[in-house]
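Positions are given from 1 along the sequence. All ligand and atom numbering here is 1-based and tracks the order in the structure.
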Amino acid sequence: MKNFTSVKDVEDPVALVQKALALKANPFNPDFARGKKVGLIFLNPSLRTRLSSQIAVQNLGAEAIVLDIGKDGWALEFEDGVKMNGSKAEHIKEAAGVMGQYFDVLGVRTFPELKDRELDYSEQLLNAFIKYSGLPVVSLESATLHPLQSLADWMTIAEHWDKKERPKVVLTWAPHVKALPQAVPNSFVEWMKAAPVDLTITHPEGYELAGQFAESVPVEYNQARALEGADFVYVKNWSSYHQYGQILNQDESWSFGSEQLALTNNAKVMHCLPVRRGLVIKDEILDGPNAIHLQQAKNRIYSAQAVFAELLG
Ligand code: CP
């Protein structure tokens, strides 16, 4: 594996899930990458990714150095061939080039602006870090994908499923007050297509995900019908891909509560976090026995550890 930006970068995703589960059982290996340095670069806020990545790197004996570049670094220019006489103080060529001198592996979190779909889906920022750092790069969430989250999600499903038949997994849209990226649902779909599960997506009309990810996955616009017999329900808001970045409705009948849970096969309920209680998922679910969002968050350590181990080893 050269970089970790998508399930497509992983030769054997099943083996990577097994590796992450094995690391969870036996996480501490301080000699594995002693003396190596990992840069964790954030252009946006993070709680889980930031903390779990640092713990993962420490478990491997390497040192993690975090830079909130959006807050503490110079404002970066990503366009080529511009005269930098505006507010941007440093070009990505130098910024990433310098990081290439300091680190062995780089983790980068970017976000989409949700204004220009082609620009966001080109992954301009992440690709610039890959190109100009010359380092193996781990996506800590990009404009369109969140692979460390999806690897942790797959681990969590595997831990809660010991039957031979494939579980029914439903990804359901839920309302939100802000326009959110499609990165988590895109990524979940991409990884679940490689996993031994039967995936259905449900959302109001207009929230169809990009074909490059959701193609061949059944979409059921009726949430109640989609949830019938579900073993796992992944609840997530996203903004429209086709009417790019827009909130088309905030229909609170899509919030996930006990009424929805009753339609399922006593499903485990998942969310990547942060979650808006009472709006996206009701308290009775988050505080109840079906919620496995904290296990997902814990597994973020071991998904990151498996990936950093591949790239540092
Ligand atoms: N799920 C997730 O990536 O959380 P953070 O944005 O807090 O890192």
Review point. So, T110 and E141: side-chain donor and acceptor under 3.5 Å apart, yes or no?
Key: no

Exercise for review: Report yes if P274 has an N/O atom closer than 3.5 Å to an N/O atom of ligand 1; otherwise report no.
Suggested key: no

Exercise for review: Answer with yes or no after comparing the ring centroid distance for H271 and Y234 against a 6.0 Å cut-off, counting only values under it.
Suggested key: no

Exercise for review: Determine yes or no for a side-chain-to-main-chain donor-acceptor pair under 3.5 angstrom, with Q243 supplying the side chain and S240 the backbone.
Suggested key: no

Point to revise | Pair R50 + D68, salt bridge at N-O below 4.0 Å | key: yes

Point to revise | Residues K24, E159: salt bridge by 4.0 Å N-O rule | key: yes

**Study point:** Residue, atom name and distance, where the atom is the protein heavy atom closest to atom 4 (O) of ligand 1
**Key:** R48 NE, 2.8 Å

**Study point:** Aromatic centroids of Y241 and Y121 separated by under 6.0 Å
**Key:** yes

Revision key, fill the gap. Atoms of ligand 1 under 4.0 Å from any heavy atom of C272, numbered from 1 in the order shown, are 1 (N)

Check your understanding: So which protein heavy atom does atom 7 (O) of ligand 1 come closest to, and at what separation?
Key -> L47 N, 2.7 Å

Point to revise | N or O pair under 3.5 Å between H146 and ligand 1 | key: yes

Check your understanding: Do the charged groups of K19 and E310 touch, with an N to O distance under 4.0 Å?
Key -> yes

Exercise for review: Report yes if some N/O of L273 lies less than 3.5 Å from some N/O of ligand 1; otherwise report no.
Suggested key: yes

Exercise for review: Output the list of atoms in ligand 1 that are nearer than 4.0 Å to some heavy atom of R300, sorted by atom number.
Suggested key: 1 (N), 2 (C), 3 (O)

Check your understanding: What protein heavy atom sits nearest atom 6 (O) of ligand 1, and how far away is it?
Key -> R109 NH1, 2.9 Å

Check your understanding: So, is E141 polar-close to ligand 1, with some N/O to N/O distance under 3.5 Å?
Key -> no

